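This structure is a prediction, so every number in the text was calculated from the model and none was measured.
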Amino acid sequence: MPIQLMIFYRVLGVVFLVLAALALWEKYRTVRGAVLLPGRILECRKARSTSPRSGAGGYRYLVEIYVNGERLERETNDSFWFDHSTQKGKSVQVWYNPASDVLERKSVDTELLALVIGAAGVALLLIR
């Protein structure tokens with residue numbers, strides 16, 4: 001195998017491993033210090049119309065939670081390609097952190113994505 005291709009695979013493998021680590025870091029940075037609460041999905045709406053970040057896209061859930069007897073409505077940090085309005089009224093578990101503007105929905109999606117990206121990175125590093 002040409003040395004340039006080997007170098008490219010090694011660099012790409014390291015980049016994939018870093019991306020996997022960053023995905024996990026971001027999720028647990030959001031969850032650290034948070035409380036797991038039940039919530040009810042009120043609607044699924046376009047994120048760019050409700051998010052102050054420029055370039056934010058996709059759809060997000062608006063979830064109703066109760067904290068210390070107070071009713072709050074917060075968006076999740078999900079990003080769906082399509083409208084999931086059929087989920088309206090369903091219960092979900094969310095991580096509530098008063099310091100964060102968004103909720104993290106309890107799921108293993110981030111961990112699975114990090115596992116796939118990390119496995120691809122290791123595979124690229126092992127190519128001979």
Side-chain angles (χ1 to χ4, degrees):
M1 183 177 296
I3 190 73
Q4 294 88 352
L5 195 54
M6 285 294 264
I7 292 171
F8 175 75
Y9 285 156
R10 298 295 187 263
V11 170
L12 193 59
V14 169
V15 168
F16 277 14
L17 289 173
V18 169
L19 286 175
L22 287 175
L24 292 174
W25 177 268
E26 178 62 21
K27 177 173 183 171
Y28 289 106
R29 183 186 65 81
T30 304
V31 172
R32 185 177 49 238
V35 178
L36 188 61
L37 297 172
R40 187 172 61 93
I41 298 173
L42 297 176
E43 67 178 298
C44 185
R45 59 186 180 186
K46 256 317 212 186
R48 90 177 96 184
S49 63
T50 59
S51 176
R53 289 187 350 209
S54 62
Y59 290 88
R60 291 181 171 182
Y61 287 137
L62 177 67
V63 177
E64 169 190 56
I65 59 173
Y66 288 91
V67 179
N68 298 328
E70 183 180 347
R71 180 183 178 272
L72 298 175
E73 289 182 6
R74 297 265 176 105
E75 284 188 342
T76 62
N77 60 356
D78 295 312
S79 185
F80 303 118
W81 290 98
F82 303 103
D83 188 5
H84 288 260
S85 293
T86 58
Q87 301 295 317
K88 184 177 178 179
K90 291 194 175 181
S91 294
V92 292
Q93 294 283 333
V94 293
W95 292 99
Y96 169 71
N97 187 345
S100 178
D101 294 336
V102 295
L103 301 171
E104 174 75 36
R105 193 167 44 98
K106 182 181 178 190
S107 67
V108 295
D109 298 347
T110 305
E111 288 85 353
L112 290 176
L113 178 66
L115 178 68
V116 169
I117 293 173
V122 169
L124 285 168
L125 291 174
L126 295 176
I127 291 178
R128 299 222 173 244

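Annotation: the span from Lys88 atom NZ to Leu42 atom CG amounts to 8.0 Å, rounded to 0.5 Å. Atom-to-atom distance recorded for Glu75:CD and Glu43:CD is 8.5 Å, nearest 0.5 angstrom. Separation of atoms CZ (Arg32) and CD (Glu104) is listed at 13.0 Å; rounding is to 0.5 Å. Here the straight-line distance linking atom OH of Tyr59 with atom NZ of Lys46 works out to 4.5 Å at 0.5 Å rounding. Here OH of Tyr66 is found 7.0 Å from CZ of Arg40. Values are rounded to the nearest 0.5 Å. Here Asn97 contributes atom CG and Arg29 contributes atom CZ; the two are 9.5 Å apart, rounded to the nearest 0.5 Å.
Proximity of Arg60 to Cys44: side-chain heavy atoms (C-beta onward) are nowhere separated by under 4.5 Å.
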Can you check side-chain contact (heavy atoms from CB on, under 4.5 Å) on Arg71 and Glu64, steps first, answer last?
CA-CA 7 Å; Arg71 180 183 178 272; Glu64 169 190 56; 2.4 Å; yes

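Linking Ile, Leu, Val, Met, Phe, Trp and Tyr whenever their side-chain heavy atoms come within less than 4.5 Å puts Ile127 and Phe16 in one cluster. The cluster map of Ile, Leu, Val, Met, Phe, Trp and Tyr, joined by side-chain heavy atoms under 4.5 Å apart, puts Met6 and Val14 in different clusters. Follow the hydrophobic side-chain contacts under 4.5 Å out from Leu115 and you never reach Leu24; the two are in separate clusters. Under the 4.5 Å side-chain heavy-atom criterion for ILVMFWY residues, a single connected hydrophobic cluster contains both Ile41 and Tyr96. Trp95 and Val102 end up in different hydrophobic clusters when Ile, Leu, Val, Met, Phe, Trp and Tyr side chains are linked at under 4.5 Å.
Of the possible donor and acceptor atoms, none in the side chain of Asn68 sits under 3.5 Å from a partner among the backbone N and O of Glu70. At least one donor-acceptor pair under 3.5 Å links the side chain of Arg10 to the backbone N or O of Leu125. When atom types are taken as modelled, the side chain of Arg74 and the backbone of Ser100 share a donor-acceptor pair closer than 3.5 angstrom.
The minimum heavy-atom distance linking Ala20 with Ala114 is given by the pair CB-O, 3.4 Å. Counting all heavy atoms, side chain and backbone alike, Lys27 lies closest to Glu111 at NZ-OE1, 3.3 Å.
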